[in-house]
Undergrad: 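Before anything else, here's the structure in question.
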Amino acid sequence: MKVWGAHGEFCARHQWEVIVATLALLACAASVERNGSGNRAERCAGWARACPGLEAEYQAADAVIMTFVRCAALLYAYYQISNLRKIASKYLLIIAGVFSTFASFIFTSAVASLLWSELVSIKDAPFLFLLVADVARGARMAKAGWSAGEGQGKRVGRALALLGPTATLDTLLAVLLVGVGALSGVPRLEHMCTFACLALLVDYLVFVTFYPACLSLVADFASGRKEMSHDSPFSEADLKPNPVVQRVKMIMAAGLLCVHLTSRWPWSTDNGIIEGPIDNLTPATHDNVLLHSYVKWFSVSADYIVIATLLCALIIKFVFFEEQRNWVIDMNDMTVKEVVQNDVVSRRKPKFSLGDDTNSEVSTQTDDFSDDLEWPILSPSSSAAKLNSKKRPMAECLEVYRSEGACTSLSDEEVVMLVEQSHIPLHRLEVVLGDPLRGVRLRRRVIASRFQTETAIKQLPYLNYDYSKVLNACCENVIGYVGVPLGYAGPLVVDGKAYMIPMATTEGALVASTNRGAKAIGSRGVTSVVEDIGMTRAPAVKLPNIIRAHECRQWLDNKDNYALIKEAFDSTSRFAKLQEVHIGVDGATLYLRFRATTGDAMGMNMVSKGAENALKLLKKYFPDMEVISLSGNYCSDKKAAAINWIKGRGKRVVCETTISSENLKTIFKTDARTLARCNKIKNLSGSALAGSIGGSNAHAANMVTAIFIATGQDPAQNVTSSNCSTNMEICGENGEDLYVTCTMPSLEVGTVGGGTVLTAQGACLDILGVRGAGIRPAENSARLASLICATVLAGELSLMAALVNSDLVKSHMRHNRSNLNVPSVSSIEASGILLKVPNL
């Protein structure tokens, strides 16, 4: 397979060379001198005498039979060409496949004329070639390698590596099988079978050389027209041959080979057919023979009129009257899937297509909510007919659903009907359909109809998203996704290593400002220290009276009893390790704040599970204890709380750096004294006067939230995670450098679980090199925490400099204002509104 792969990749990468070489060989075969090619003219004459039916008029029965055979060949070829439409473009791929097949026929004709006979002796050669040529084989290769852009050669190489051995065996078997007809002793059949064998061999050579080059070339052209996907739309498992079938083919080939070896060859020279060399022909006679050959091809008779009429009808039907299908690449399983539309839709031009140049810029995210149209159905081609079947009665659909426990065999209309009748909960569509994408699409349809939000829903994208990772993990009742712009700040040097920090935000100037701070930090970088405090969960339990509450508290303070609680807690997870139980008291109510390390996971669910198991053990010793709530807000999660500011939660991170006076002047246009003074008055005194908890900073929440969204953290936890104390001091020998620290005592992050499983968020974690679990527990999550704190430091520096220079408004006006939302002066004047701007 490696040889086939290398050969296919070579043909795909050297498209023009392979195509030109093939055409050159074709021209050489067609123009070679015939005076040294043997007794072809005499052979042709001998054939005419041996088979006078080839030169005489057909008998009526023979004409009817041959017309039927020719029509069958045309219909079979039409069927194979129609299958090519299932790949992508309706025209480009068909041109490639048909052109390669046509090249095979012409090449076969040239070789046949060169070696042993003029085609005038085989009037049915084109139709015979249509029957033996495997257009579907080319379609399979096109499906495997149909993706333009970078890596095209490798994809075509992989396709040929999978299809090459199978095509070789199929060709060998077909040649041996058709070659049996050449042993029949019937001259006309012998001639046709011999030509068929030659056609199979030449078609095989074209398939493994000329066709990959054409396919790659057409894909390159299509990529310029945005008709192709850059993702590979095939599964290698679908192209691998069945080993049992291959074994049967090899046995058949061996048997047929024995038949050929023990039989005579049909071109024996002792049958009186060959009577003289072509060298005896004069040039004029030779030209007359060729002229007669070509005239014979274009002779008109009744059967040719029938064939021509059928051919024209098929072409007209295919181009003008056949239903247009659209094919898209499903990003979930990387397969080609069809956008099928119901009868009413099929009479209109599709709203989007990968194969129509006029629609290439229409977003495939668009849904059709028109009253007179049905929704497009996105489904695998193998189940298209099933999903478009006639709507069955409610009772029958309900019986199918209850018997199967799923809706995979029901059409979209039938599933919607069951949902509307409350037989299928709307939130379970993905489960009962077994197809997350189809579930989201049908939910959109139901929601749009139920709440009359068609216009809004159709603007919400939903295609090209892996919902299998969302289900039961990140979101429910999914109707699409919201794209958030993603930028990067950096390089930001943290602990001696440079990082590009991904930030997802819709606030203009935020990424640019953070990037300016990273530039000011420069190669000196940021130094960080991370402490794994652990995640917390604080159930609220109530005892009958304060005496029992006091006894429970004393019981937990005992080291031996705490060991029992810890054992029960730690038994629920390999990574959860209980660190302490801090107890808050309010009358007879106790708030048990369990704090535990959770490895590289953020750990809320892990700690909740451990706390629940610990309470079961505690209840055995205090059966009169009542669990009021698993979370008593003493944790405290997603709320501003002094306990998190004081005791910490998640990761406690401290970062420091020193900004040189030169960078302060050239980048920030200020000095250390000005920034240190502003930080004291704004971040420390101003926050204290406001009674802020954990808000001794300029805008830490901005950077925290942007990185949280980008890396799949819980954005709501920015409330606690944004606790930050920013400090700036004058330093250096001349007192002109600036020493900056950021302390974040409750940064709640994780690199496994939650939104980190999503593709885009996982990619951002990969950019930082912290995706998944580290070699040591909490290694990756601690590194992510240090990077967030360092980014906060860069953002704090830049904003403080902008504030002292009055650059804040100017930067936001430049980066965060849209011309679509801000009316121009001319438009205001045109509307008759008079603006009075005071003199400043």
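Here the structure is a predicted model, which is why all the values come from computation and not from measurement. Counting from 1, the numbers follow the sequence of the chain as shown.
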Undergrad: Between Asp570 (side chain only) and Leu578 (backbone N and O only), is there a donor and an acceptor less than 3.5 Å apart?
TA: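 Yes.
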Undergrad: Kindly indicate whether the side chain of Tyr591, heavy atoms from C-beta on, has any atom under 4.5 Å from the side chain of Asp586.
TA: yes
Undergrad: Could I get the full list of ring pair (Phe, Tyr, Trp, His ring centres under 6.0 Å) partners for Tyr499, not counting sequence neighbours?
TA: none
Undergrad: Considering residues at least two apart in sequence or located in another chain, which fulfil the side-chain contact (heavy atoms from CB on, under 4.5 Å) criterion with Ser692?
TA: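 In terms of side-chain contact (heavy atoms from CB on, under 4.5 Å), with neighbours along the sequence ignored, Ser692 is linked to Ser687.
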Undergrad: Which heavy-atom pair separates Pro502 from Leu768 by the least distance, and what is that distance?
TA: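 Minimum heavy-atom separation between Pro502 and Leu768: CD-CD2, 3.6 Å.
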Undergrad: Quick one, Val541 and Leu615 - any side-chain contact, counting heavy atoms below 4.5 Å?
TA: yes
Undergrad: Ion pair present between Glu551 and Arg548, side-chain N to carboxylate O less than 4.0 angstrom?
TA: yes
Undergrad: Determine whether Met744 and Val792 make a side-chain contact, defined as any pair of heavy atoms from C-beta on separated by less than 4.5 Å.
TA: yes
Undergrad: Supply the atom-to-atom distance Leu787 CG to Ser528 OG, rounded to the nearest 0.5 angstrom.
TA: 7.5 Å
Undergrad: Mark yes when over 12 heavy atoms from residues, nucleotides or ligands other than Lys639 sit less than 6.0 Å from its NZ; otherwise mark no.
TA: yes
Undergrad: Which residues pass the side-chain contact (heavy atoms from CB on, under 4.5 Å) test with Thr674, not counting sequence neighbours?
TA: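 Scan of Thr674 (side-chain contact (heavy atoms from CB on, under 4.5 Å), adjacent residues dropped) gives Thr670, Asp671, Val804.
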Undergrad: Quick check on side-chain contact (heavy atoms from CB on, under 4.5 Å): which of Val740, Leu492, Asn697 does Leu793 satisfy it with?
TA: Val740
Undergrad: Within the supplied structure, the quantity of interest is the number of heavy atoms (other residues, nucleotides, ligands) at a distance under 6.0 Å from Lys497 NZ; does it exceed 12?
TA: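 Counting neighbours around NZ of Lys497, 12 or fewer heavy atoms of other residues, nucleotides or ligands fall under 6.0 Å, so no.
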Undergrad: Does any part of the side chain of Leu592, heavy atoms only, come nearer than 4.5 Å to the side chain of Tyr634, both counted from C-beta?
TA: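 No. Closest side-chain heavy atoms not under 4.5 Å.
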Undergrad: If we ignore hydrogens and angles and just use 3.5 Å, is the side chain of Asp600 paired with the main-chain N or O of Gly750 as donor and acceptor?
TA: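 A pair under 3.5 Å: no.
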Undergrad: Provide the closest heavy-atom pair for Ala773 versus Val752 in the form atom of the first, atom of the second, distance.
TA: N-CG1, 3.5 Å
Undergrad: Is there a side-chain contact between Thr658 and Tyr739 (heavy atoms, below 4.5 Å)?
TA: yes
Undergrad: Sub-3.5 Å donor-acceptor pair from the side chain of Thr514 to the main-chain atoms of Ala794, do we have one?
TA: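 Checking the backbone N and O of Ala794 against the side chain of Thr514, no donor-acceptor pair under 3.5 Å is found.
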Undergrad: May I ask you to test the Val511-Tyr488 pair for a side-chain heavy-atom distance under 4.5 Å?
TA: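 Val511 does not reach Tyr488 side chain to side chain.
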Undergrad: How long is the gap from CG on Asp714 to SG on Cys474, to the nearest 0.5 Å?
TA: 10.5 Å
Undergrad: Salt bridge check: are Glu748 and Lys638 linked by an N-O gap of less than 4.0 Å?
TA: no
Undergrad: How long is the straight-line distance from CZ of Arg574 back to OG1 of Thr598, given to the nearest 0.5 Å?
TA: 13.0 Å
Undergrad: Between atom CG of Asp560 and atom CD1 of Ile565, what is the distance when rounded to the nearest 0.5 Å?
TA: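 Answer for the CG-CD1 pair, Asp560 versus Ile565, is 12.5 Å.
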Undergrad: Can we say Arg595 and Glu580 salt-bridge, meaning some charged N sits less than 4.0 Å from an Asp/Glu carboxylate O?
TA: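 Salt bridge between Arg595 and Glu580, a charged N being under 4.0 Å from a carboxylate O: yes.
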Undergrad: State whether the side chain of Tyr481 and the backbone N or O of Leu463 hold a donor-acceptor pair below 3.5 Å, judged by distance alone.
TA: yes
Undergrad: What distance do Lys519 atom NZ and Ser798 atom OG have between them, rounded to the nearest 0.5 Å?
TA: 11.0 Å
Undergrad: Can you list the residues that meet the salt bridge (Lys or Arg N to Asp or Glu O under 4.0 Å) rule with Asp637, with sequence neighbours excluded?
TA: Arg649
Undergrad: Can you name the closest pair of heavy atoms from Ala520 and Ile667 and give their distance?
TA: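 Shortest heavy-atom separation between Ala520 and Ile667 comes out as CA-CD1, 3.5 Å.
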Undergrad: Could you walk me through whether Met535 and Met602 pass the side-chain contact (heavy atoms from CB on, under 4.5 Å) check?
TA: CA-CA 7 Å; Met535 187 50 58; Met602 186 270 290; 3.8 Å; yes
Undergrad: Start with the C-alpha gap between Tyr467 and Val478, add the side-chain angles, then the distance that decides, and say whether side-chain contact (heavy atoms from CB on, under 4.5 Å) holds.
TA: CA-CA 9 Å; Tyr467 294 104; Val478 180; 3.5 Å; yes
Undergrad: Do you know which two heavy atoms are closest between Val770 and Arg783, and how far apart they sit?
TA: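 What the structure gives for the nearest pair is CG1-CG, 3.5 Å.
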Undergrad: Determine yes or no for a side-chain-to-main-chain donor-acceptor pair under 3.5 angstrom, with Thr527 supplying the side chain and Asp495 the backbone.
TA: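 Side chain of Thr527 to backbone of Asp495, a donor-acceptor pair under 3.5 Å: no, none is there.
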Undergrad: Between atom CD of Glu567 and atom CG of Asn613, what is the distance when rounded to the nearest 0.5 Å?
TA: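 The distance works out to 10.5 Å.
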Undergrad: Restricting to non-hydrogen atoms, name the atom on Gly795 and the atom on His699 that form the minimum distance, rounded to 0.1 Å.
TA: O-NE2, 3.0 Å
Undergrad: Between Asn805 and Phe668 (side chain of the first, backbone of the second, donor and acceptor by atom type, cut-off under 3.5 Å), is there such a pair?
TA: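 Confirmed, Asn805 side chain pairs with Phe668 backbone.
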Undergrad: Run the side-chain contact (heavy atoms from CB on, under 4.5 Å) test on Ser721 and Val749 for me, step by step, so that the C-alpha distance in whole Å, both residues' side-chain angles and the decisive distance to 0.1 Å come before the verdict.
TA: CA-CA 8 Å; Ser721 298; Val749 295; 5.6 Å; no
Undergrad: Would you please test Lys682 and Leu803 for side-chain contact (heavy atoms from CB on, under 4.5 Å) and show each step?
TA: CA-CA 10 Å; Lys682 169 185 165 57; Leu803 289 172; 3.7 Å; yes
Undergrad: Could you work out, with side-chain contact (heavy atoms from CB on, under 4.5 Å) as the rule, every residue matching His550, not counting sequence neighbours?
TA: Gln554
Undergrad: Whether the side chain of Asn515 engages the backbone of Gly490 through a donor-acceptor N/O pair (distance < 3.5 Å, no angle test) should be reported.
TA: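 Present.
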Undergrad: Compute whether any side-chain donor of one residue and acceptor of the other, for Thr726 and Glu796, lie under 3.5 angstrom apart.
TA: yes
Undergrad: Among Arg652, Lys647, Lys651, which residue satisfies the salt bridge (charged side-chain N to carboxylate O under 4.0 Å, His left out) criterion with Glu531?
TA: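 Passing option: Arg652.
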Undergrad: Give a yes or no on this: more than 12 heavy atoms of other residues, nucleotides or ligands lie within 6.0 Å of atom CD1 of Ile546.
TA: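 For Ile546, atom CD1 is not crowded (no more than 12 foreign heavy atoms under 6.0 Å).
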Undergrad: Please answer whether the main-chain N or O of Val704 pairs with a side-chain N or O of Asn718 as donor and acceptor at a distance below 3.5 Å.
TA: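 Pair absent, no side-chain N/O of Asn718 close to backbone of Val704.
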Undergrad: Taking all non-hydrogen atoms of both residues into account, name the closest pair between Ala611 and Arg537 and its distance.
TA: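 Heavy-atom minimum between the residues: CB-CG, 4.4 Å.
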Undergrad: Restricting to salt bridge (Lys or Arg N to Asp or Glu O under 4.0 Å), what partner residues turn up for Lys577, sequence neighbours left out?
TA: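 Checked Lys577 against salt bridge (Lys or Arg N to Asp or Glu O under 4.0 Å); zero matches.
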Undergrad: Hey, is the main chain of Gln717 close enough, under 3.5 Å, to the side chain of Thr720 for a donor-acceptor pair?
TA: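 Between the backbone of Gln717 and the side chain of Thr720 there is no qualifying donor-acceptor contact (under 3.5 Å).
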Undergrad: Indicate yes or no: at least one non-hydrogen side-chain atom of Leu510 is less than 4.5 angstrom from one of Met703.
TA: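 Yes, at least one pair of side-chain atoms sits under 4.5 Å.
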Undergrad: Within the distance-only criterion (no hydrogens, no angle test), does the side chain of Asn558 pair as donor or acceptor with the backbone N or O of Asn561 below 3.5 angstrom?
TA: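 Flag set: sc Asn558 to bb Asn561 pair under 3.5 Å.
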Undergrad: Is the closest side-chain heavy-atom distance between Thr597 and Gln579 below 4.5 Å?
TA: yes
